[in-house]
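Each chain gets a letter, A, B and so on, in the order the sequences are listed, and its residues count up from 1. What's counted below: heavy atoms across the whole structure, side chains too, no hydrogens, waters or symmetry copies.
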There are 2 protein chains.
Amino acid sequence: MADNVTVQSVEKNMKGKATSFDIAHYAGVSQSTVSRALRNSPLVNEETRRRVHEIAKKLNYKVDKNASNLRTQQSSTLALLLFEDPTEDESQINPFFLSMLGSITRACAKEGYDLLVSFQSTSSDWHADYEDSHRADGLILLGYGDYIDYQSKLQTLLDNHTKFVCWGASVDDRPDLTVSCDNYGGGALAAKHLIEMVRTDCAFIGDASDHSPEFFARFKGFRDTLKQKAIEVSDRKIANAISTEDSGYHATRSLIANNVTFNALFAASDLIAIGAIKALQEAGIRVPHDVHVVGFDNIAAAGYVSPSLTTVQQNTTLAGQMLVDNLLRLIRGEQVADTLLPPKLIIRQSSR
Amino acid sequence: MADNVTVQSVEKNMKGKATSFDIAHYAGVSQSTVSRALRNSPLVNEETRRRVHEIAKKLNYKVDKNASNLRTQQSSTLALLLFEDPTEDESQINPFFLSMLGSITRACAKEGYDLLVSFQSTSSDWHADYEDSHRADGLILLGYGDYIDYQSKLQTLLDNHTKFVCWGASVDDRPDLTVSCDNYGGGALAAKHLIEMVRTDCAFIGDASDHSPEFFARFKGFRDTLKQKAIEVSDRKIANAISTEDSGYHATRSLIANNVTFNALFAASDLIAIGAIKALQEAGIRVPHDVHVVGFDNIAAAGYVSPSLTTVQQNTTLAGQMLVDNLLRLIRGEQVADTLLPPKLIIRQSSR
DNA sequence: CGACATTATGACACCGGTGTCAGACTGTAT
DNA sequence: ATACAGTCTGACACCGGTGTCATAATGTCG
């Protein structure tokens with residue numbers, strides 16, 4: 001027995017990590033049995049299993065994920081791909097996405113999955129990379145839609161039968177699975193609130209084209225709700241901005257410079273709103289006295305700015321959970337539908 | 001030729017992903033050659049390589065990371081383990097760590113490494129899990145030191161020859177590799193600033209015990225610098241807090257309730273400072289008029305609170321880069337030393 | 001005692017690459 | 001023609017697990 005040479009791993013070489021063969025050797029059973037015992041297969045004898053577990057612990061044994069994944073053809077790993085507005089400052093990440101990242105990480109952990117995080121510039125050929133290479137069982141795509149040339153890549157993913165879910169607006173002609181906040185409803189909440197506050201001479205800063213589906217949906221919900229009260233949002237009072245403080249600041253300044261007047265402002269994101277407030281205050285326009293401001297996202301900073309920012313909250317905890325849940329369902333081949341999460345209005349000082 | 005059965009993969013089954021055998025089949029070469037060609041080995045003929053690459057692209061081939069990693073015994077992946085103050089609200093993550101997470105992610109991408117992100121409760125037996133299982137080549141440990149029972153686990157990592165770097169205070173009797181902000185120097189910066197502002201009746205909120213090495217170092221730098229001017233920080237003016245807004249709020253309230261007076265306050269973190277400002281303002285104490293406040297970290301919110309918060313900035317971009325760089329050096333077996341990053345004082349309204 | 005089910009185990013192929021080694025082929029010097 | 005170096009390629013073992021199949025050992029029943 002003792003002169004039996006183990007096949008894959010020599011007896012007591014502590015240089016490398018312990019393998020299941022080492023355990024097999026010490027336990028006096030075959031490697032197959034070790035593998036089964038460690039996964040608590042009912043096929044192995046109670047006593048054998050106990051012994052194997054004990055030795056495994058003693059040797060500090062950990063299953064080699066690469067070997068295991070290779071054999072089983074799955075990885076217990078999800079990949080989170082973050083797409084950022086390319087104009088965003090490199091060192092700063094949109095706090096809303098960071099918040100999502102946090103909740104997704106937690107949701108993954110809860111489900112026993114690892115999470116690979118990766119930033120993607122929208123131009124690179126990220127598509128399919130993670131899943132085809134078996135690094136992840138599925139993908140979570142997170143970003144304010146920079147949808148140029150994005151669609152074709154989603155199509156590639158679909159063609160490759162890659163499992164993935166997207167955060168963001170569900171666009172009709174796209175057959176991907178999405179989880180998103182009810183952006184339209186959120187815009188409506190903002191409008192209703194301003195109507196209640198009798199502030200109906202509204203400006204909008206964001207993106208009122210369908211270039212960015214999410215911002216557009218927020219705008220539509222906002223506009224349509226006002227329209228129900230026969231209030232129009234004049235084109236003059238709409239300024240384009242991407243989701244940065246700077247962009248919101250400059251968009252607002254240009255409105256002011258053009259002598260556009262308004263007594264309420266709806267921003268497509270909190271960062272834009274924060275930039276807008278700064279521009280307003282610099283111009284001597286008081287918030288909320290002269291202009292009520294409502295943002296979107298409820299990032300942490302929204303509660304800290306002065307005046308604190310009324311905003312439409314996206315439930316990131318739930319969102320992260322749903323993204324992960326839906327993706328796992330998709331991976332398991334279960335039926336899944338797009339998910340729409342209800343937004344919630346958080347009223348703070350900027351609108352009262 | 002055509003009736004030759006390929007060993008691992010059948011000719012045209014599009015159900016699974018393409019393997020190197022598929023490419024070999026189409027290219028009319030052996031699988032070995034394909035493997036070499038794809039990795040641009042100089043051993044393969046120029047023309048052969050070109051053809052292989054072309055077919056690979058056509059088949060949408062991606063190297064199976066599990067197989068590759070298994071063979072080469074490494075993973076091109078780093079793992080980031082986030083340790084949080086256990087009392088922290090589950091849904092919110094300390095913004096400072098989020099910021100670090102962002103910069104680490106970017107640094108990894110730059111070096112061609114994937115990043116696994118994982119939250120750890122300090123009690124679980126995370127140690128060695130990722131690296132022993134070959135999921136990651138190295139670990140980055142990130143957290144305000146919750147150092148109970150932490151040391152023994154670091155020792156386990158060392159015993160297992162796991163490669164890892166820690167963010168945070170380098171403690172003398174710990175042989176691990178750390179990257180940290182010069183917390184002592186940062187505390188000194190805060191003190192010097194307050195001395196300049198002639199606000200030397202200082203309170204400190206944080207942790208003035210060595211339970212949390214980082215907070216303690218900040219406190220020491222602060223205290224020692226004041227002491228050079230023969231100014232003592234009275235024990236009565238020190239309150240304990242962990243790094244949350246709530247904790248800072250309550251610690252400050254208790255100071256006030258005990259009739260402790262001061263005209264300056266140094267908080268061990270921005271979150272604490274923000275909570276402190278809130279408590280001060282509620283008590284009718286004006287910032288900065290009655291009390292100057294200085295925080296630590298320069299989280300995004302620091303610029304948004306009112307008054308905006310003077311703080312000691314930690315350069316998270318550089319920190320992330322250094323953590324990754326040092327870890328990779330460690331993995332490559334190169335010589336690495338602890339790294340201390342210079343802090344920078346950001347003066348804002350809360351102290352002028 | 002033979003037929004058969006049940007339980008526990010070992011042998012072995014396999015996942016899809018990588019690295020080593022042997023050898024075929026070409027060209028050039030002897 | 002022979003020797004030999006240089007270039008390119010294929011065969012094959014290997015990484016460390018997992019799953020299938022065969023089989024030994026034990027129990028049960030007619």
- First of B:T33 and A:V63 reached from the 5' end of DNA chain D, by closest nucleotide: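 Counting from the 5' end, the first nearest nucleotide belongs to B:T33.
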
- Message: Return whichever of B:V29 or B:Q73 has its heavy-atom-nearest nucleotide of DNA chain D closer to the 5' end.
- Response: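 Its nearest nucleotide lies further toward 5', so the answer is B:V29.
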
Please state how far atom [atom1] in [X] lies from atom [atom2] in [N], giving the value in whole angstrom units.
| X | N | atom1 | atom2 | value |
| --- | --- | --- | --- | --- |
| B:L70 | D:dA13 | CG | P | 17 Å |
| A:N66 | C:dC14 | CG | P | 22 Å |
| B:K65 | D:dG17 | NZ | P | 20 Å |
| A:E46 | C:dT9 | CD | P | 11 Å |
| A:L59 | D:dG16 | CG | P | 14 Å |
| A:K17 | D:dG16 | NZ | P | 12 Å |
| A:N69 | D:dC15 | CG | C1' | 14 Å |
| B:I23 | C:dG16 | CD1 | P | 13 Å |

- Just jot down the side chain to side chain donor-acceptor pair (under 3.5 Å) partners of B:R71, sequence neighbours excluded, or say none.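 Checked B:R71 against side chain to side chain donor-acceptor pair (under 3.5 Å); zero matches.
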
- Under the side chain to side chain donor-acceptor pair (under 3.5 Å) test, which residues partner B:D64, sequence neighbours left out?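 Partners of B:D64 by the side chain to side chain donor-acceptor pair (under 3.5 Å) criterion come out as none, since no residue qualifies.
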
- Query: Who pairs with A:R49 by salt bridge (charged side-chain N to carboxylate O under 4.0 Å, His left out), at least two apart in sequence or on another chain?
  - Reply: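 A:E46.
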
Protein-nucleic acid N or O pairs under 3.5 Å, nucleotides 19-22 of chain D:
residue : atom : partner : partner atom : Å
D:dG19  : OP2  : A:R39   : NH1          : 2.7
D:dG19  : O6   : A:S32   : OG           : 3.4
D:dT20  : O4   : A:R36   : NH1          : 3.2

Quiz question: by atom type and distance under 3.5 Å, do the side chains of [X] and [Y] form a donor-acceptor pair?
| X | Y | value |
| --- | --- | --- |
| A:T316 | A:S99 | yes |
| A:S32 | A:R36 | no |
| A:T339 | A:N326 | yes |
| A:N69 | A:S75 | no |

- Given side chains that start at C-beta, do those of B:L81 and B:L142 come closer than 4.5 Å, heavy atoms only?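 No, too far: nothing below the 4.5 Å cut-off.
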
- Task: Compare all side-chain heavy atoms of B:Q73 with those of B:H134 and state whether any distance is below 4.5 angstrom.
- Result: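 Yes, close enough: below the 4.5 Å cut-off.
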
- Message: How bent is the helix from C:dC1-D:dG30 to C:dT30-D:dA1, measuring the angle between the end axes built from five pairs each, rounded to 10°?
- Response: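 Both end axes considered, the difference amounts to 60°.
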
- Item | Below 4.0 Å: OP1/OP2 of D:dG16 and any side-chain N or O of A:T19 |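 Result: no.
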
- Under 4.0 Å between a side-chain N or O of A:S68 and OP1 or OP2 of D:dG17?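 Checking A:S68 against D:dG17: no side-chain N or O falls below 4.0 Å of OP1 or OP2.
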
- Message: At a heavy-atom distance below 4.0 Å, what parts of residues 51-58 of chain B sit against DNA chain C?
- Response: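 Output list: empty, so none.
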
- Closest non-hydrogen atom pair between A:L330 and A:F164, with its separation: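 Scanning both residues, the minimum pair turns out to be CD2-O, 3.5 Å.
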
- Query: Taking all non-hydrogen atoms of both residues, which atom of B:V336 and which atom of B:R329 are closest, and how far apart?
  - Reply: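 Scanning both residues, the minimum pair turns out to be CG2-CB, 3.8 Å.
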
- Backbone N/O of B:S103 and side chain of B:T105: donor-acceptor pair under 3.5 Å: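 Here the side-chain-to-backbone pair does not exist.
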
- Query: Considering only side-chain heavy atoms of A:T48, which listed nucleotide, C:dG10, D:dG16, C:dT9, is closest?
  - Reply: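 Out of C:dG10, D:dG16, C:dT9, the nucleotide with an atom closest to A:T48's side chain is C:dT9.
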
